[in-house]
Structure formats: structure tokens, C-alpha cells
Amino acid sequence: MDFFSLFVLYLIFVLASVVLLCLGAGRNRNFPGRILGGAAQVCSCVVPEWLQRVVQRQVHRLFYARSWVFLALHVILEAAVYSEYTLEIYGYCSELEFSRYQLLLPYVLGSVNMGFFWLCCTTDPGTITTYNQAFYLQVYKYDGVLFHKGRICGTCQTAKPARSKHCGVCDRCVHRFDHHCVWVNNCIGAYNAKYFLVYLITLTLMTVDLAGIITYFLVKVVFLSNMLMGSYLDTQGQEHAVEMLFIIQHLFLTFPRIVFLLGFLIILFLLIGGYTCFVLYLLLRNQTSNEWCKARAQGCLSCLQHVPHHQHIHYQNIYTKGLLANIKEALQPTASLKEKDK
């Protein structure tokens, strides 16, 4: 099997694994945990107990406590991409007389992306304390399905406002909680959700722009070298016209880092672009990821308990106010305590 075929199989394996993991996680919130548990049981037969305890502590610290590991990994990956672009791709494209504005656009998008990434990391998502609890209790109504009046947070021992959730990683209740993002080492809530959205959009545009420049560069190399007019000899010595598969494989062997970077950017675009569309969909419905998951779990629970269809609890999003009002609330969330006190 040639090198290009192995690379294609690698891409298919990665994408299939991600899709299966997402589907499984959507049907069962404990799906990833079961996978890790099953893997741990298999490894327990050959791994010493002391090493298992060390690994368990590190995994718990990585996924169930605030950690700078993923944040640092995010910065390292982005730095690696821009290093390859600056040290190799930019020079090749300059020699081929690419537009200066076209080559500088990725840096602009990267700067904007890092700025909103910093805001996601540092902005308070809406921490609920004893001081502001009374205010947040009045912001949203309880829908009686996902959020019930009178519920007490088992950790904070305070009343839970509607649309809030206690984050076990950050150990705090968050107003209009969406999810905890390990990549920004922070919760996404009412006051940094807009920054998170712009961060995702600029990251998606950045991958599209870089992938477009690389693709255009490779296509230009093919045409300038008249590669399409060439031929090659197979193992039997027979001459064949150059095919597209041969050209791609030749480019991979000639520019391995550039082609690998293009494959990485394509995978990143599929993942980040799809997730960005999902976040935009939730924004237009004035719904959080937490509410979306809880609504699906509520419907699955009714089915598992064999509740008659006419007795099913049909969830209805009472927080949507129309398209423009939903966008406005996401960009200008509920007034802060300081604004309320004025």
C-alpha cells in the first residue's frame, strides 16, 4: 500500500472515530466514561496497581479540575501551524507572486482569534454568589421541566436560578451555564458566550483561509510544472499518463509538511465548523448546550420508562423571544448588578 493510501485511511479513521464518539455521547452522556472504564479494565491486567493509581490521578486532574494543559496545547498547536505557514508557505507563495493582502489575512484572523480566546479565558461567565443570588433568581422564569423552583445546589447550598448549573470543574454555579470548555480553561456562560462564538467563527475562518492558500499554492505548482502533461512508468515498465492520485502522492512526497498541514486544517474545519454551526443554531433559539442536552435526556427518559405518549412531558423552550431578540440577548446579556444598582 502506498504512502498516500495510508494517509487517506488515517484521515478516515480519525473522522470515523470522532463521529462515533459524538453519536455515542449524544445518546448516552456516560459513553466516553464507559470507553475509558473499559480500557482501564483491559489495562489493569498488565499494568501495575501503583501506575494505575498515578494515571487515574492525572486523568482526574486533567478532566475534572481546572488545568492549563489543554490551554497550553491550544497555543502550541496554533503556534505550530503559523510557524509552518511563516517559515515555508509564505516564502513559496511570495515567489509565486501571491497578493500581499491575501498572505497577511491569516495573521489578522489569528490575532483577532487570540484576542477573543483571551477574553474567553479571563471573562467571568457569570458566577452566582450569595451577594448576587437574589438578582439572578429574578432574571429567568422556571420552565417546570428542566428548571424547577425551589431547587437547592447540593454543593453551594443555595437556591438555583433558572438556566444556571453548578460546574464541578470550576466548583461554582454559573448564570445561563452553557458548558465547561477545557480549551479555554473556563466555563462558558452568559457573559463570555459572545466571545466564545466570535472565537469559534474566527477560528473557522482561519482554517478556511489557510487551507485555501495552501490548496491554491499546490494547484499552482501543478500547473506551472506542467505535471498534468507528464507520464510515468509502472513496475512493469509500461508508460501511463499522470493521474490525479499520482499527482497528490507526488505533492505529498515533495511537500510533506505542507500537505499534512492541509489535511490537519481540513479535519479541524470539519470539527470546528460543524460545532460553530451548532452554537449558532443554539444562539438563534436562545438555548444553551446544557439545556439542549437536558431536553434530549428528558425525552429519552420518558421513552425508557415506557410512559404513554399522551403523558410524555413535551419540552418547550420558553426562553426564545424571536430571532432578533435572541441575538440581542446573546450579544447583550442580562444587565449586571452594577447596572441594576444605578
Taking the side chain as C-beta and beyond, is there a heavy-atom pair between [X] and [Y] under 4.5 Å?
X	Y	answer
Ile213	Leu105	no
His179	Cys293	no
Ser289	Asp178	yes

Non-hydrogen atoms of [X] and [Y] that approach each other most closely:
X	Y	result
Asn192	Cys120	ND2-O, 3.5 Å
Pro333	Lys194	CD-NZ, 4.3 Å
Glu78	Gly110	OE2-O, 4.1 Å

Keeping [X] on the side-chain end and [Y] on the backbone end, is there a donor-acceptor pair under 3.5 Å?
X	Y	value
Asp209	Met206	no
Asn185	Phe70	no
Lys165	Asn290	no

I'd like a table of donor-acceptor pairs (distance under 3.5 Å, sequence neighbours excluded) in which one partner is a side-chain atom from residues 268-283, with atom names and distances.
from, atom 1, to, atom 2, distance (Å)
Thr276, OG1, Thr204, OG1, 3.2
Thr276, OG1, Ile272, O, 2.7

Partners passing side chain to side chain contact (heavy atoms under 4.5 Å, CB included) against [X] (at least two apart in sequence or in another chain):
X	answer
Asp143	Val145, Leu146, Phe147, Tyr315, Ile318, Tyr319
Thr254	His250
Thr215	Val219, Leu262
Ser164	Ile128, Lys160, Pro161

Point to revise | From CA spacing to verdict: side-chain contact (heavy atoms from CB on, under 4.5 Å), Trp183, Leu73 | key: CA-CA 8 Å; Trp183 295 104; Leu73 180 60; 4.0 Å; yes
[atom1]-[atom2] distance between [X] and [Y], expressed to the nearest 0.5 angstrom:
X	Y	atom1	atom2	value
Tyr216	Leu96	OH	CG	9.0 Å
Leu261	Glu88	CG	CD	9.5 Å
Leu218	Ile258	CG	CD1	6.5 Å

Review point. Among pairs that include at least one residue of residues 114-125, which meet side-chain hydrogen bond (donor to acceptor under 3.5 Å, both in side chains), considering only residues two or more places apart or in two chains?
Key: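 Output for this query lists Asp124-Thr127.
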Exercise for review: Any side-chain hydrogen bond (donor to acceptor under 3.5 Å, both in side chains) involving residues 90-109? Give me the pairs, sequence neighbours left out, ordered by first then second residue.
Suggested key: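 Only Thr86-Tyr107 qualify under side-chain hydrogen bond (donor to acceptor under 3.5 Å, both in side chains).
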Check your understanding: Honestly curious: do Tyr199 and Ile76 fall in one hydrophobic cluster under the side-chain, below-4.5 Å linking rule?
Key ->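 Different clusters.
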Review point. Does Leu224 belong to the same Ile/Leu/Val/Met/Phe/Trp/Tyr cluster as Leu103, with side-chain heavy atoms less than 4.5 Å apart forming each link?
Key: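 As far as the 4.5 Å side-chain criterion goes, Leu103 and Leu224 are connected within one cluster.
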Review point. Does the separation of the ring centres of His175 and Tyr140 fall below 6.0 angstrom?
Key: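 Between Tyr140 and His175, which both carry aromatic rings, the centre distance is below 6.0 Å.
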**Study point:** Derivation of the side-chain contact (heavy atoms from CB on, under 4.5 Å) call for His74 and Phe117
**Key:** CA-CA 10 Å; His74 176 284; Phe117 172 72; 3.7 Å; yes
**Study point:** Residues in ring pair (Phe, Tyr, Trp, His ring centres under 6.0 Å) contact with His166, at least two apart in sequence or another chain
**Key:**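 Here no residue qualifies.
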Practice item. State which residues pass ring pair (Phe, Tyr, Trp, His ring centres under 6.0 Å) with Phe116; sequence neighbours excluded, sorted by chain then number. Key: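 Expected list: none.
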Practice item. Starting from Leu324, walk the hydrophobic network (Ile, Leu, Val, Met, Phe, Trp, Tyr; side-chain heavy atoms closer than 4.5 Å) and list everyone else you reach, by chain and number. Key: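 Answer for Leu324: none, a lone residue.
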Point to revise | Connected hydrophobic set around Val174, excluding itself, where side chains approach under 4.5 Å | key: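 Grouped by the 4.5 Å side-chain rule, Phe177 form the rest of the cluster around Val174.
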Review point. Can you name the salt bridge (charged side-chain N to carboxylate O under 4.0 Å, His left out) partners of Lys321, sequence neighbours left out?
Key: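 If we apply the salt bridge (charged side-chain N to carboxylate O under 4.0 Å, His left out) test to Lys321, skipping adjacent residues, the hits are Glu329.
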Review point. In this structure, which one of Phe255, Tyr85, Phe98 forms a ring pair (Phe, Tyr, Trp, His ring centres under 6.0 Å) with Phe217?
Key: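 The option that passes is Phe255.
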Exercise for review: Compute whether any side-chain donor of one residue and acceptor of the other, for Asn286 and Thr320, lie under 3.5 angstrom apart.
Suggested key: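 Looking only at side-chain atoms, Thr320 and Asn286 do not form any donor-acceptor pair under 3.5 Å.
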